[in-house]
Amino acid sequence: TRPPAFTPPPAYDSGSSDRLGRNSNIRKKPKMATTEAFTNPDGTAWDPPSRETMEACGNAPVKREFLRPLPPIPSDPKPPASDGTGTDGGTNGGKSKRAQKRDNNAKKVSVEHLCNAFAKGICTFGEKCRFSHDHGAYLLHKQPDLPGPCPFIVAKGKCLHGVMCRFYGTHPDATKRDESNKETNDTDDTDTAVTDAQLMADVLTLRPPTDGMLDEINFFHPNLKVLLRKGKIRFDRSDAVLKQLGVKTKWSYGPHAVVREFGNGIQVEDTGATETTDDPDTSHTNRDPSNPDTTQATGQGDDEGGGKRRKEDGASQGVDVRPRRAEKRTVDFKGKLYLAPLTTVGNLPFRRIAKQFGADITCGEMALCTNLLQGQPSEWALLRRHASEDVFGAQICGGYPDAVSRCAQLIDDEFAQSGGIDFVDINMGCPIDLICNKGAGSMLLQKPSQMELIAKACSPILSCALTLKTRTGYYDNKKVAHEIIPNMKSWGVSAVTLHGRSRQQRYSRLADWKYIGECVSKANALSGGGTGGGNSGTPSAPSFSVIGNGDVYSWHDYNAHCDEAGGAGVATCMIARGALIKPWIFTEIKEQRDWDISSGERLDILKQFASFGLEHWGSDARGVANTRRFLLEWLSFLHRYIPVGLLERTWVGIHERPPTYVGRNDLETLFASTQASDWVKITTMLLGPTEKDFVFRAKHKSNAYATEGAAEKADLYGGDNMQG
């Protein structure tokens, strides 16, 4: 149910801002229009609460002229039928799984779903293909094109999506395709064409890529997936470390298992015997980076130092020396702005937004070790990295040393040694039941010896830095981090991120930064002083750093926690939910100011995310749907931001709830809406209308504003796996 109608105060103009983005009208006193009589849901007269009343109730102190009463309680407690806006409380419109499967199968064979391979001219199934091959019928039922040029045509001169692209009308060959289907297109009536134009009339034009669409790296090749699923990848380095640690494993290899040595080549083994070839030019091969299973004959031989000696006709010979383990790459976290790995919402387009606002270090979403070892492409996609991410890490999660160690070797061989990953982070603080019940995440806090084994099994294998992330303890009344963190340096760990909450606490109540400071002091004392906070006394990167995490929502919070005199003295702060609610927090920290960002600037951020999403997920119907889904997930956090110009005091904490209020214009009020239907309306402005059966329900149900019982329900949907 929407709040009652309102008239925004006319004295504000969110579109006017100075060079630094500050609203130039922030000091103007709003001119209140004729006071409208508002009532409470029970019908009694409503009076705006005072600042003291709101602060006592845990609400952010919004100025009284912008406050509005709570919306009326719906008379019918039962949710209405699905209307495609996601407000019905369900994710499938009330249909059974069998009905959903039947509908999905019907969609696949309908003319609305053209065969993707056929559109690219590479379908080999012919008439047996279960997808449609009718171009003309597809164009008739296809959603209208989005305004603006195709980003792939602008950046690369070619779009692989072809006729399935939502910008197909701007393709050079679009006219030719339309002429070939002229007879089919003649059946269109004028009313339909006018309707399509009306549907797209209010859709904003997205800015085409200006950087030439920089490439992404860390791609997962399908051939590697086959090798993993057939057990044809050997982990000799991992096995040697596990044997040295006394870890017993039952890992079995299939025949013709492949040994991947430091990402430079492969060697085929069959029951312990190495296969060789009589051709000296192909006895030693170099792996093609675009195909991890194929080799290219380059006439190479092994050098005595373990490198590769290249031989070319008429060219001089050189040696590529393999980096020594003592030369392991390190990362200096001191004073760097660190964006947390955020499940679902911390995707690659969002990380690009954070980089534009000043984030120094980014990390991919948490990937499960078992899924990576099984070769699941969706899990390997979480390791993807954009060229703009200059310092990037991969976060993995597992509860057993053998699985985590083998996963670390696989990541090191595929990406780390080629510079695709700068550090590997092991999540030992995830609080959701799905992870803890498997012995991973926060469950490891009850098994410190298991934490030590996992770290020692990974550190010698990685050519990059190893970091850990954990919590204060498993239970509120039993904090153990101060006993574990001082020993982590001896495990080969470069840094640890400590979330100032327990697993039992999840995300309720405030993070305990005083306890984080105690852990920093103990780590400093054991390491000789200064290294816990990243101050080793030398210009080089510290050997061990403690990073704080929890409730960082402004530059005031960041300065207070990094202060070694009166604060926790951490090396830096990992910023999680604060970056989701206001991604410009990185700019605020670097410029030491509170940014009263306008609604127009916030809309530009969403337009930029939509552009990045189409580059990452594609410009076809599926890519637009994925971009819309992840944008909606982000909007479920963005609506909690309260503009600075509406507050009684500049600084507010992340724990202070936003009351029901209106903005300085309609767009600012729309951004503050808690209704999923309004979030869908925002995506419609950027990506066009949704499909008829579209339903959205936010995946993450953070416990910050809920009761303990609500958190239990949220955990059922995997909605509590946030890192902030």
Side-chain angles (χ1 to χ4, degrees), residues 218-221 223-254 256-269 287 289 292-293 306 322-329 364 366-376 379-380 382-383 385 392-427 440 450-468 491-494:
N218 297 348
F219 283 91
F220 178 60
H221 199 276
N223 287 355
L224 178 58
K225 177 183 69 175
V226 175
L227 293 175
L228 287 172
R229 293 185 175 182
K230 291 185 177 181
K232 292 188 176 181
I233 299 293
R234 295 188 63 88
F235 303 95
D236 290 348
R237 287 192 291 142
S238 174
D239 293 341
V241 174
L242 292 172
K243 183 178 180 181
Q244 184 179 2
L245 294 174
V247 178
K248 297 181 180 180
T249 64
K250 296 182 180 180
W251 193 276
S252 59
Y253 298 106
H256 305 285
V258 177
V259 178
R260 307 174 86 80
E261 292 188 353
F262 307 103
N264 291 326
I266 60 174
Q267 192 175 18
V268 181
E269 293 188 1
R287 182 167 59 91
D293 189 40
R322 182 198 315 154
R324 299 178 182 271
R325 288 300 167 187
E327 300 173 356
K328 177 183 292 190
R329 300 192 306 275
M366 184 185 72
L368 299 180
C369 293
T370 52
N371 294 346
L372 292 174
L373 293 173
Q374 291 170 2
Q376 295 186 13
E379 208 76 11
W380 280 89
L382 303 179
L383 308 182
R385 175 182 185 175
F392 176 76
Q395 187 182 73
I396 58 178
C397 182
Y400 300 94
D402 54 344
V404 181
S405 178
R406 290 184 173 91
C407 183
Q409 178 182 336
L410 191 60
I411 293 176
D412 187 70
D413 291 342
E414 296 301 319
F415 303 139
Q417 295 192 40
S418 60
I421 290 177
D422 299 304
F423 65 95
V424 174
D425 184 72
I426 303 178
N427 191 336
Q450 191 83 334
M451 296 177 66
E452 180 179 359
L453 280 177
I454 292 175
K456 289 184 176 180
C458 295
S459 180
I461 296 173
L462 293 171
S463 59
C464 60
L466 173 66
T467 64
L468 305 180
W491 302 349
V493 177
S494 300

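Note: D412 CG to R237 CZ = 5.0 Å, rounded to the nearest 0.5 Å. Taken to the nearest 0.5 Å, the CG atom of L382 stands 8.0 Å off from the CG atom of L372.
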Practice item. Would you sort out whether R406 and T249 count as a side chain to side chain contact (heavy atoms under 4.5 Å, CB included), showing the intermediate values? Key: CA-CA 11 Å; R406 290 184 173 91; T249 64; 3.6 Å; yes
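Listed by chain and number, the residues in a side-chain contact (heavy atoms from CB on, under 4.5 Å) with K230 are V226, K232 (sequence neighbours excluded). Remark: F392 pairs with no residue by the ring-ring contact (aromatic ring centres under 6.0 Å, His included) rule, at least two apart or across chains. Here R329 pairs with nothing under the side-chain hydrogen bond (donor to acceptor under 3.5 Å, both in side chains) rule; sequence neighbours left out. Remark: Q244 engages no residue in a side-chain hydrogen bond (donor to acceptor under 3.5 Å, both in side chains) (not counting sequence neighbours). For D422, the side-chain hydrogen bond (donor to acceptor under 3.5 Å, both in side chains) partners are R385, not counting sequence neighbours. Not counting sequence neighbours, the partners of I426 by the side-chain contact (heavy atoms from CB on, under 4.5 Å) test are I396, V404, M428, I454, C458, L466, L468. Residues meeting the side-chain hydrogen bond (donor to acceptor under 3.5 Å, both in side chains) test with D402, sequence neighbours left out: none. F220 is linked by a ring-ring contact (aromatic ring centres under 6.0 Å, His included) to W380, counting only residues two or more places apart in sequence or in another chain. A457 pairs by the side-chain contact (heavy atoms from CB on, under 4.5 Å) definition with L242, L245, P401, S405, not counting sequence neighbours.
Within the 3.5 Å criterion, the main-chain N or O of I461 finds no donor-acceptor partner in the side chain of Q409. Of the possible donor and acceptor atoms, none in the side chain of N427 sits under 3.5 Å from a partner among the backbone N and O of C397.
Applying the ring pair (Phe, Tyr, Trp, His ring centres under 6.0 Å) rule to pairs touching residues 393-413 yields nothing, sequence neighbours excluded. Within the structure, salt bridge (Lys or Arg N to Asp or Glu O under 4.0 Å) contacts touching residues 451-465 (residues at least two apart or in different chains) are E452-K456.
In terms of heavy-atom proximity, G492 sits nearest to S459 at O-OG, 3.0 Å. Closest of all the heavy-atom pairs between Q417 and S463 is CG-OG, 3.3 Å.
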